[in-house]
There are 2 protein chains.
Amino acid sequence: MTVNERKERQRFDREQLFLDKAAQLIASEGILQLQMAPLARACEYATGTLYQHFSSKEDLLLALVARNGCNQLKLFQQIAALAICNRHKILALCVAEELAREYHPSHARLEQYVFTEVVWENASASRRQMILDNSKPLSELVSGIVGAALAAGELPDHQCTALELSIAPWALCTGSHNLEQTSGLLAAFGLNKDPLQRYRHMHLLLNGMQWQPLQDLNDTAALAAQLQQLRQQVAPLFSGFCQLTVE
Amino acid sequence: MTVNERKERQRFDREQLFLDKAAQLIASEGILQLQMAPLARACEYATGTLYQHFSSKEDLLLALVARNGCNQLKLFQQIAALAICNRHKILALCVAEELAREYHPSHARLEQYVFTEVVWENASASRRQMILDNSKPLSELVSGIVGAALAAGELPDHQCTALELSIAPWALCTGSHNLEQTSGLLAAFGLNKDPLQRYRHMHLLLNGMQWQPLQDLNDTAALAAQLQQLRQQVAPLFSGFCQLTVE
DNA sequence: CTCATTTTTTGAATCTGGTTCATAATTTCG
DNA sequence: CGAAATTATGAACCAGATTCAAAAAATGAG
């Protein structure tokens, strides 16, 4: 039935409009300032209409994160397809995470907020599931890289499955970003930030996993060059959907 | 002036009462259900009185985290004083983090929430500073352990300072816990939790840092025994302030 | 001890902003 | 075309954080 198709498409478009505008408002004013009535008004709809798409304000925030999760997945897939060695793919994912935060700083903060008990529990179950569903292929992708390295003999298994092993770099990457994001914390430590730091740490971990080829960390220049090169390979992959969540 | 001293002490005690009750309510009902008026009522004070201690609800949440930060510091100091090798001290800190989450699951969630832009920005500047002030000696303690290992030749510097190096295990530890805390995420990955996982990963990192003595990860039984022993050494240190934040 | 003054407490009133729902507008279709 | 069904509207509602004028308590000079 073509009528229903049209309706559905219109509904979808309107949802995207709400999400785009919300992302824009969050980026410019902060999460705190985002209010439902003004958002609806800014999109030229009534408050009630907004609530036909999102069961609550928190639900809308989750929707934003879910949508971005799709983009992240596409990005990660492109990275996995890059013609570089497996070890470098892991680093490239870390680079992608870093670039994403540079492009959309507000999005990283939103994500931190959304995974909070208070927000998570106030969203609809279906929206939560949407986010969880995104994470599954994401983890398969990462563990796929680890699995390929295992199969190629670049990496011993340390008595773990590929999935289990893949958690380590993932945790280090997100942990490192979270620490950095936590306002003023590293500064309170008396630490001035060095862009190579995270990659040193990641290499230390990968070396510990005996993931070939091992990296010599004493050659700072080589490390910087490697990072530079990865950034240049990853950055263009962003162009496709920089528009989707305008900042 | 003794009158003022008494007043100050009473004020302090009342603040502790508010915090204790708040912690208790959060533990039993969740952060979301914590309401200012009922909290004041439960402590047999008026709402306004509560606001003489905390500038906002968020400010109270930060106060809770700040108070716990003091306990954490004391705990970590005791661990640093343990008669075990430096490498094991780092693991012991990780164990402590894990035990703390087991004892006070709601506290970990609170901390995640508090470091969120929305909450952080709504607390008073002085309360924020209190938390940051806590973090400084904490980081000095951790980097002190790293520094001792460097000095003892157990660990090469990899072109980093002790503080910079100490960030790596810290990030891995918190990142790993955060991932686990994020509701349903690891389950969505299809991962069933193995209590040794985190320690394997930590050892992989420490091995990568070439932190002596290196750990053989193929001997699962030895690893489990080591973890068991660390838990037994760390657990008693908690007894001192388990009461402070009743769960 | 008394009373004027200062400090502290109180909780009802205020205010903000998310959510609902009766009504109005629009679309569908016989 | 008009009745029935669907969708949109936004003022009213409501929860809950915050305030503040009034009441109570503490202080201390005489």
Side-chain angles (χ1 to χ4, degrees), chain A residues 1-15 17-19 21-22 25-26 29-64 110 113-114 116 118-124 127, chain B residues 1-15 17-19 21-22 25-26 29-64 113-114 116-124 127:
Chain A
M1 190 186 279
T2 187
V3 170
N4 272 343
E5 278 172 19
R6 173 174 52 78
K7 278 198 177 182
E8 206 169 322
R9 196 175 55 233
Q10 286 179 339
R11 196 184 146 78
F12 178 82
D13 289 346
R14 193 170 63 182
E15 187 152 320
L17 171 65
F18 283 141
L19 292 176
K21 188 57 98 175
L25 286 173
I26 287 176
E29 312 282 328
I31 301 173
L32 195 58
Q33 318 302 328
L34 183 73
Q35 292 175 13
M36 296 303 265
L39 169 60
R41 200 95 307 270
C43 296
E44 305 189 288
Y45 282 100
T47 314
T49 307
L50 190 48
Y51 277 88
Q52 300 209 314
H53 291 266
F54 311 103
S55 69
S56 67
K57 181 177 173 175
E58 285 75 21
D59 198 48
L60 178 137
L61 297 181
L62 283 234
L64 234 23
L110 177 61
Y113 187 51
V114 148
T116 263
V118 173
V119 179
W120 186 259
E121 297 294 330
N122 260 349
S124 67
R127 204 69 73 167
Chain B
M1 189 185 277
T2 187
V3 171
N4 273 343
E5 276 173 20
R6 173 173 51 77
K7 278 197 177 183
E8 206 170 324
R9 196 177 51 242
Q10 286 178 339
R11 196 185 147 78
F12 179 82
D13 289 345
R14 194 169 63 181
E15 185 151 321
L17 171 66
F18 283 142
L19 291 177
K21 188 59 97 176
L25 286 174
I26 287 176
E29 313 282 329
I31 302 173
L32 195 58
Q33 319 301 327
L34 184 73
Q35 291 174 15
M36 297 302 266
L39 170 60
R41 199 93 311 268
C43 297
E44 305 189 289
Y45 283 101
T47 315
T49 309
L50 191 48
Y51 277 88
Q52 300 208 313
H53 291 266
F54 312 104
S55 69
S56 67
K57 181 177 173 174
E58 285 74 24
D59 198 49
L60 176 130
L61 297 181
L62 284 234
L64 235 23
Y113 187 50
V114 147
T116 262
E117 176 196 9
V118 173
V119 179
W120 187 261
E121 297 294 330
N122 260 348
S124 66
R127 204 69 74 165

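This structure is a prediction, so every number in the text was calculated from the model and none was measured. So you know, we letter chains A, B, ... as the sequences are listed, proteins then strands, and number each from 1. Side-chain atoms are counted along with the backbone in the values below, which use heavy atoms only and exclude waters and symmetry mates.
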How many whole angstroms separate atom CG of B:Leu50 from atom P of D:dT18? 10 Å
Of the options D:dA17, D:dG10, C:dG18, whose atoms approach the side-chain atoms of B:Met36 most closely? D:dA17
Base, sugar-phosphate, or nothing for B:Leu32, non-hydrogen atoms under 4.0 angstrom? nothing
Counting only side-chain N and O atoms of A:Lys7, is one of them less than 4.0 Å from OP1 or OP2 of D:dT7? yes
In whole Å, what is the span from the CG atom of B:Leu60 to the P atom of D:dG16? 17 Å
Counting heavy atoms from C-beta on, name the nucleotide in D:dG10, C:dT19, C:dG11 closest to the side chain of A:Arg41. D:dG10
One should read off an interatomic distance between B:Glu58 CD and B:Arg127 CZ, to the nearest 0.5 angstrom, of 12.5 Å
How close or far is atom P of C:dG18 from atom CZ of A:Phe54, stated in whole angstroms? 14 Å
Could you tell me the separation between the CG atom of A:Leu61 and the CG atom of A:Leu19, rounded to the nearest 0.5 Å? 10.0 Å
Enter the distance from A:Glu8:CD to A:Asp13:CG here, rounded to the nearest 0.5 Å. 11.0 Å
Counting only side-chain nitrogens and oxygens, does A:Arg14 get under 4.0 Å of the OP1 or OP2 atom of D:dA8? yes
Tell me if the CD atom of B:Glu44 is crowded by more than 12 foreign heavy atoms within 6.0 Å. no
Nucleotide C:dG18, atom C1' - distance to CG of A:Asp59 in whole Å: 14 Å
What's the CD-P distance between B:Glu15 and C:dT8, to the nearest Å? 15 Å
Report the distance from atom CZ of A:Arg11 to atom C1' of D:dT7, rounded to the nearest whole Å. 10 Å
Among D:dT9, D:dT27, D:dT19, the one nearest any side-chain atom of A:Thr49 is D:dT9
Any A:Thr47 side-chain nitrogen or oxygen under 4.0 Å from OP1 or OP2 of D:dG10: no
B:His53 NE2 - C:dT8 P separation (whole Å): 11 Å
Whether A:Gln52 contacts D:dA8 is assessed here as follows: a side-chain N or O lying under 4.0 Å from the phosphate OP1 or OP2. Is that the case? yes
Kindly compute the distance separating CD (B:Glu117) from CD1 (A:Ile31), expressed to the nearest 0.5 Å. 4.5 Å
Rounding to a whole Å, what distance do you find between B:Asn122:CG and C:dG17:C1'? 14 Å
Give the nucleotide from the list D:dT27, C:dT19, D:dT9 with an atom nearest to the side chain of A:Lys57. C:dT19
Of D:dT19, C:dT19, C:dT10, the nucleotide closest to the side chain of B:Tyr51 is D:dT19
